[in-house]
Amino acid sequence: MDLKYINFSSGDGIGWIQFNRPEKLNALNPDVLRDLESAVGRCEEDDAVRVVIVKGNEKAFIAGADIGEMAKGDINLAYELTDLALRVQEKLADLPKPTIAAIAGYALGGGCEIALCCDFRIAADNAVFGQPEIALGLIPGGGGTQRLPRLIGLGPATRLLFLGDQIGSAEAEQIGLVDMVVPMEDLEHQVKALASKLLQRPFLALRAAKTAMRKGLNTSLKEGLQIEQDLFCMLFGTEDRKEGLSAFLEKRRPIFQGR
Ligand code: DAK
């Protein structure tokens, strides 16, 4: 795959998406977003990829949308950017495979929003989070006003969105923005350990859990419970369900085949 701003690789069940625009702290522009779309598409199509890890470098996960490019544009650019960003972010958030954001350094604005599209956020102790758009006379344009309060609640989200405060990893963990904080030198190891745990889980059940949660959050409780029931019953038709129940009864570890 010929990508300029993303390094993509895969192996051992993991798809690695690494932002690669270090001279601009991985700031997002349409080209970066299009590369991200291609990499996510590749993860979706490749059955050998079971877990996806999204990362930046030690200084920056992503320092936001490219402010220089936004400064040059007009309302038409804003629509072009938002259409593209919303499409790519939905594709990432809806990926029917578990996704982990491995965050070191700055995760600001559009960067924080990309992390919000992942199922897990593991942060290095140097990570910095925030939605500073308000200081630029803007609001988040990549889902921040919607995904952030859904994840961390209205109170902490209001502070981040109204004040544009930047917070470190410890506080991000405390308010539920990240799942775990680890020393920078352990980040890759811890992220791989989580991926490896996920790889041992039954793939179809993971997919069903993700679908039930994501679809359920966008609907009423009654409809959400119906989605859960349908997916629960669908899983009864899988080999993995038979294996999981048999393994328990036979007091052994299950070996799931993703069927
Ligand atoms: N955009 C463009 N360039 C950036 C950048 C950004 N967001 N962040 C950093 N850079 C560039 C710097 O300009 C500098 O480039 P040169 O001057 O060397 O050419 C280089 O990266 C290194 O940055 P610094 O020299 O500033 O590094 P420091 O360590 O001193 O400071 C910093 C790091 C992260 C504190 C600082 O760079 C900073 O405050 N950056 C801006 C952070 C920010 O405000 N981010 C939010 C941007 S607004 C949308 C979707 C999403 C969004 C909007 C619309 N649509 C779909 C339409 C999101 C909006 C945002 O994210």
Side-chain angles (χ1 to χ4, degrees), residues 4-7 17-40 54-94 99 101-118 121 123-152 156-172 177-178 184 187:
K4 186 171 175 199
Y5 292 121
I6 298 258
N7 293 331
I17 297 177
Q18 178 177 30
F19 292 95
N20 180 30
R21 200 186 176 210
E23 70 285 1
K24 292 289 176 193
L25 304 187
N26 295 329
L28 300 170
N29 65 16
D31 291 337
V32 180
L33 287 167
R34 274 188 279 270
D35 279 1
L36 177 61
E37 185 170 35
S38 301
V40 173
V54 181
K55 64 178 199 169
N57 56 46
E58 289 195 359
K59 176 151 187 195
F61 178 69
I62 299 166
D66 192 311
I67 297 174
E69 297 196 18
M70 281 199 293
K72 285 184 238 148
D74 58 6
I75 193 166
N76 292 307
L77 174 86
Y79 272 112
E80 187 196 333
L81 263 179
T82 38
D83 283 347
L84 180 61
L86 292 178
R87 188 176 80 225
V88 177
Q89 289 176 345
E90 278 294 284
K91 197 173 169 77
L92 175 61
D94 283 341
T99 52
I103 304 151
Y106 297 105
L108 300 174
C112 191
E113 290 170 314
I114 295 280
L116 289 170
C117 294
C118 295
R121 281 154 296 281
D125 47 12
N126 77 338
V128 178
F129 296 84
Q131 297 286 167
E133 291 87 346
I134 199 87
L136 303 169
L138 286 168
I139 62 169
T145 63
Q146 303 305 306
R147 290 197 176 95
L148 193 62
R150 280 171 170 77
L151 180 70
I152 66 175
T158 303
R159 177 187 148 210
L160 292 176
L161 294 168
F162 282 21
L163 299 180
D165 284 355
Q166 297 185 15
I167 58 170
S169 348
E171 191 175 350
L177 179 51
V178 302
M184 162 70 95
L187 182 61

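In listed order, ligands and their atoms are each counted from 1. Everything quoted here is computed from the prediction, not taken from an experiment. In this chain, numbering begins with 1 at the start of the sequence shown.
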Which residues share a salt bridge (Lys or Arg N to Asp or Glu O under 4.0 Å) with Glu80, sequence neighbours left out:
none
Side-chain touch Leu160/Phe129, heavy atoms, less than 4.5 angstrom:
no
Just distance, no hydrogens or angles: give the donor-acceptor pairs under 3.5 Å from side chains in residues 135-143, sequence neighbours left out.
none

Identify, with sequence neighbours excluded, every residue that meets salt bridge (Lys or Arg N to Asp or Glu O under 4.0 Å) alongside Lys24.
none
Could you tell me whether Asp35 and Lys4 make a salt bridge, using a distance below 4.0 angstrom between a side-chain N and a carboxylate O?
no
Does ligand 1 have any N/O pairs with the protein under 3.5 Å, and how far apart?
unit_1: ligand 1; atom_1: 1 (N); unit_2: Ala65; atom_2: O; d: 3.4
unit_1: ligand 1; atom_1: 1 (N); unit_2: Ile67; atom_2: N; d: 2.9
unit_1: ligand 1; atom_1: 7 (N); unit_2: Ala63; atom_2: O; d: 3.0
unit_1: ligand 1; atom_1: 7 (N); unit_2: Ala65; atom_2: O; d: 3.0
unit_1: ligand 1; atom_1: 19 (O); unit_2: Lys24; atom_2: NZ; d: 2.8
unit_1: ligand 1; atom_1: 29 (O); unit_2: Lys59; atom_2: NZ; d: 2.7
unit_1: ligand 1; atom_1: 45 (N); unit_2: Ala63; atom_2: O; d: 2.9
unit_1: ligand 1; atom_1: 61 (O); unit_2: Ala65; atom_2: N; d: 2.7
unit_1: ligand 1; atom_1: 61 (O); unit_2: Gly110; atom_2: N; d: 2.9

CG of Asp83 to CG of Leu33: how many Å apart, nearest 0.5 Å?
11.5 Å
